[in-house]
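All remarks here apply to the structure that follows.
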Amino acid sequence: MAESKSTPITPELYDYVLAHNPQLNPAQRGIVQLTRQQFPKAAGMQSAEEQGPLLAFLVRLIGARHVVEVGTFTGYSTLSMAQALPADGTLIACDVSEEWTAYGREAWTRAGVADRIELRIAPALETLRAMPSEPHIDLAYLDADKGGYIAYWEELVPRLRPGGLIVADNVLYRGEVADPSATGSALAIRAFNDHVVADRRMESVLLTVADGLTLARKR
């Protein structure tokens, strides 16, 4: 068994990490706190606090202009990426909940980036399949129902431009992916991780960030 060199993340160390990352702006902090207050039982669906600055960093790093998000929830990750886009950039946000995304709409408007975001309330596969088939997406963020990850991946990869990124969240699924007898969402993520590794169209790394984050670049 390989020896891990990962440092265990204590609450104190996590606070230290957040303090040494880009600080959330008022709009980001507001939606993070509002989500925790309004949806305490579902707040775990929100991307980890450090992932907002990371997603924004990746958008800027590759000069993304066209972003797709599969799974929006209350819009924290959407906001983070939209703020990193150029003024004429576009982000298509896919979700099925009017209730959750309504909070995102308000935050995007207050932050002045609502004109960069096109929210599509529909099953994500329908939204993806209706997009142009040629490569045009610079970055896609995948954070939705785990059973759909492979199907979303297969719609996104052909539409991703060479050098474009797919970022997939929850790829460790609370550590349950290491269990060969995993069921449900953990089993679906195990299958997704195997699918990604075997896909020769992409090169990928799986990182122990938050609940696991895969970065995959189109060859």
Side-chain angles (χ1 to χ4, degrees), residues 1-24 28-29 31-33 35-36 40-62 64 67 69-71 73 76-81 84 139-150 152-153 156-157 163-219:
M1 181 179 294
E3 181 180 352
S4 171
K5 296 186 70 175
S6 296
T7 300
I9 303 297
T10 63
E12 294 77 16
L13 184 55
Y14 186 57
D15 287 342
Y16 180 88
V17 169
L18 295 182
H20 288 78
N21 267 321
Q23 298 303 291
L24 302 190
Q28 290 172 309
R29 177 61 62 197
I31 194 61
V32 167
Q33 294 177 340
T35 301
R36 291 171 181 166
K41 293 183 179 179
M45 293 170 58
Q46 183 170 251
S47 295
E49 186 170 320
E50 67 271 24
Q51 286 176 288
L54 174 59
L55 289 168
F57 182 88
L58 293 174
V59 168
R60 296 189 185 100
L61 182 67
I62 68 169
V67 173
E69 178 182 61
V70 182
F73 191 39
Y76 166 60
S77 54
T78 326
L79 173 64
S80 300
M81 292 186 288
L139 184 147
Y141 181 46
L142 182 52
D143 186 18
D145 57 296
K146 310 315 169 191
Y149 267 33
I150 292 177
Y152 301 141
W153 175 272
L156 288 166
V157 170
L165 294 178
I166 295 178
V167 183
D169 197 15
N170 303 118
V171 294
L172 295 180
Y173 205 76
R174 300 177 296 202
E176 295 176 27
V177 292
D179 185 353
S181 62
T183 60
S185 294
L187 177 60
I189 290 294
R190 277 178 64 93
F192 172 74
N193 291 339
D194 290 343
H195 188 82
V196 170
V197 168
D199 193 335
R200 305 317 304 161
R201 299 169 295 179
M202 307 286 287
E203 55 179 338
S204 64
V205 292
L206 193 160
L207 304 173
T208 55
V209 174
D211 190 31
L213 202 66
T214 287
L215 306 184
R217 175 183 179 273
K218 190 169 185 180
R219 297 182 188 274

With no hydrogens and no angle check, do the side chains of Y152 and D145 hold a donor and an acceptor under 3.5 Å apart?
yes
Donor on one side chain, acceptor on other, Q51 and Y76, under 3.5 Å
no
Could you pull out the closest heavy-atom pair between [X] and [Y], with the gap in Å?
X	Y	result
I31	L79	CG2-CD2, 4.4 Å
L142	Y149	O-OH, 3.3 Å
A182	E176	CB-O, 3.6 Å

Can you tell me how far [atom2] of [Y] sits from [atom1] of [X], rounded to the nearest 0.5 angstrom?
X	Y	atom1	atom2	answer
L13	L18	CG	CG	10.0 Å
M81	L54	CE	CG	10.5 Å
T78	E69	OG1	CD	3.5 Å
N21	E49	CG	CD	9.0 Å
Y141	L156	OH	CG	13.5 Å
L58	L165	CG	CG	6.0 Å

Donor-acceptor check, side chain of [X] to backbone of [Y], threshold 3.5 angstrom: yes or no?
X	Y	answer
R36	A43	no
K218	V157	yes
Q33	Q28	no
R219	R201	no

For residues F57 and P22, determine if any side-chain heavy atom of one lies less than 4.5 Å from a side-chain heavy atom of the other.
no
Applying side-chain contact (heavy atoms from CB on, under 4.5 Å) to W153 and V196, what does each step give before you reach the verdict?
CA-CA 9 Å; W153 175 272; V196 170; 3.8 Å; yes
Full working for side-chain contact (heavy atoms from CB on, under 4.5 Å) between Y14 and E50
CA-CA 10 Å; Y14 186 57; E50 67 271 24; 2.5 Å; yes
Determine whether S77 and D143 satisfy the following criterion, side-chain contact (heavy atoms from CB on, under 4.5 Å), listing intermediate values before the conclusion.
CA-CA 10 Å; S77 54; D143 186 18; 5.5 Å; no
For A191, which residues count as a side chain to side chain contact (heavy atoms under 4.5 Å, CB included) partner, sequence neighbours excluded?
I150
Show me the donor-acceptor pairs, under 3.5 Å and distance only, between side chains in residues 202-215 and residues at least two apart or in other chains.
residue : atom : partner : partner atom : Å
E203    : OE2  : R217    : NH1          : 2.8
D211    : OD1  : R174    : N            : 2.6
D211    : OD2  : N170    : ND2          : 2.9

